[in-house]
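Okay, structure first, notes after.
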Amino acid sequence: MGMYGNYKSNPDYGNGIFRRCIRLVRADDHVLGELEDSHHGFRVRVFHANNCITRFESEFLRVPFTSCDSAGDPLAKLVG
């Protein structure tokens, strides 16, 4: 058994190249954040008004594990 339960450790971890792109775009009422790498494709819109976060919208384009679908859930704690 690997480090993460039933997942086996990757013997090639640490070798080769890993690229990740993070993009932030400001708009009047929100900020768009995008993360793209070889395993993930996420988007989040952080809406704001009067220097306060009002809500989030998450979009999952590509995820390696089913648990990744809940990656945006902790952001709800930042509202207000």
Side-chain angles (χ1 to χ4, degrees):
M1 191 177 327
M3 183 175 175
Y4 299 103
N6 292 325
Y7 298 107
K8 294 181 180 179
S9 298
N10 181 348
D12 294 323
Y13 182 80
N15 297 316
I17 296 173
F18 180 80
R19 291 186 172 98
R20 176 174 281 171
C21 178
I22 298 174
R23 180 175 177 242
L24 300 172
V25 179
R26 183 182 65 173
D28 288 338
D29 66 339
H30 71 279
V31 175
L32 170 66
E34 298 178 308
L35 181 143
E36 184 89 21
D37 62 29
S38 57
H39 303 290
H40 304 90
F42 296 128
R43 288 186 188 137
V44 64
R45 284 180 178 80
V46 181
F47 290 87
H48 56 83
N50 300 320
N51 295 320
C52 184
I53 295 173
T54 57
R55 67 185 171 96
F56 293 90
E57 290 178 359
S58 301
E59 186 177 359
F60 305 97
L61 308 171
R62 188 174 59 258
V63 295
F65 301 109
T66 56
S67 60
C68 294
D69 287 343
S70 60
D73 293 350
L75 296 176
K77 295 178 184 178
L78 300 173
V79 172

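The chain is numbered in sequence order, starting from 1. Source: prediction; values computed, not measured.
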| note | In short, Thr54 meets His48 closest at the heavy-atom pair OG1-N, 3.7 Å
| note | Besides Val46, the hydrophobic cluster formed by Ile, Leu, Val, Met, Phe, Trp and Tyr side chains linked at under 4.5 Å, directly or via other members, contains Val44, Ile53, Phe56, Leu75, Leu78, Val79
| request: Applying salt bridge (charged side-chain N to carboxylate O under 4.0 Å, His left out), run through Glu36 and Arg19 and close with a yes or a no. | output: CA-CA 9 Å; Glu36 184 89 21; Arg19 291 186 172 98; over 6 Å; no
| query | Backbone N or O of Leu32 within a donor-acceptor pair of the Arg45 side chain at under 3.5 Å? | reply | no
| task | Check salt bridge (charged side-chain N to carboxylate O under 4.0 Å, His left out) between Arg20 and all other residues, then give those that pass, not counting sequence neighbours. | result | Asp37
| Spacing of NE2 belonging to His40 relative to SG belonging to Cys21, to within rounding of 0.5 Å | 14.5 Å
| said: In terms of relative ring orientation, are Phe47 and His30 parallel, tilted or perpendicular, with 30° and 60° separating the classes? | reply: tilted
| said: Applying side-chain hydrogen bond (donor to acceptor under 3.5 Å, both in side chains), can you list everything that pairs with Glu34, at least two apart in sequence or on another chain? | reply: Arg23, Arg43
